[in-house]
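This report concerns only the one structure given below.
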Amino acid sequence: MRLFVSEGAPGNLPVLAAAGRAGHTGLQVCTVGPDERVVPFLSRPRVPALELDGGGFLFSTNAICRYFFLLSGWEQDDLTQQWLEWETTELQMS
């Protein structure tokens, strides 16, 4: 798996924290420019993005976090869910 992040992107922090929690040893973190398209079927750049081993992509911060939570076997509690929702509704919309 490859995780694409861009310096200063607001979605980096929760995704990197979730990746650290998952402790996935096969994860490669790649820093790309903010205008670089890493998801081939999107018309505009989108980071963070997670390229799965099968060639698929996740490019929603919350989807990536939830995927890492599933890998680690960690079940989300209500507080984690609230933070993910806040990140989507408040931080990304700013």
Could you measure the distance from the [atom1] atom of [X] to the [atom2] atom of [Y]? Nearest 0.5 Å is fine.
{"X": "L16", "Y": "L27", "atom1": "CG", "atom2": "CG", "value": "8.5 Å"}
{"X": "R46", "Y": "L58", "atom1": "CZ", "atom2": "CG", "value": "11.5 Å"}
{"X": "L42", "Y": "F57", "atom1": "CG", "atom2": "CZ", "value": "9.0 Å"}

Do [X] and [Y] land in one hydrophobic cluster if side-chain heavy atoms of ILVMFWY residues count as linked below 4.5 Å?
{"X": "V39", "Y": "V32", "answer": "yes"}
{"X": "F59", "Y": "L3", "answer": "no"}
{"X": "V38", "Y": "L50", "answer": "no"}
{"X": "L13", "Y": "F68", "answer": "no"}
{"X": "L52", "Y": "V15", "answer": "yes"}

- Please report the closest heavy-atom contact between C65 and P14, naming both atoms and the distance. SG-O, 3.5 Å
- Note on the structure: Correct closest heavy-atom pair for G33 and S6 would be C-OG, 3.6 Å
- Below 4.5 Å, heavy atoms only, C-beta onward: do P34 and V47 meet side chain to side chain?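 Side chain of P34 against side chain of V47, heavy atoms only: no contact under 4.5 Å found.
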- Query: Is it true that a side-chain atom of R66 and a backbone atom of F69 form a donor plus acceptor pair closer than 3.5 Å?
  - Reply: no
- Decide yes or no on side-chain contact (heavy atoms from CB on, under 4.5 Å) for E51 and F4, but give the supporting numbers first. CA-CA 8 Å; E51 182 179 13; F4 296 94; 3.9 Å; yes
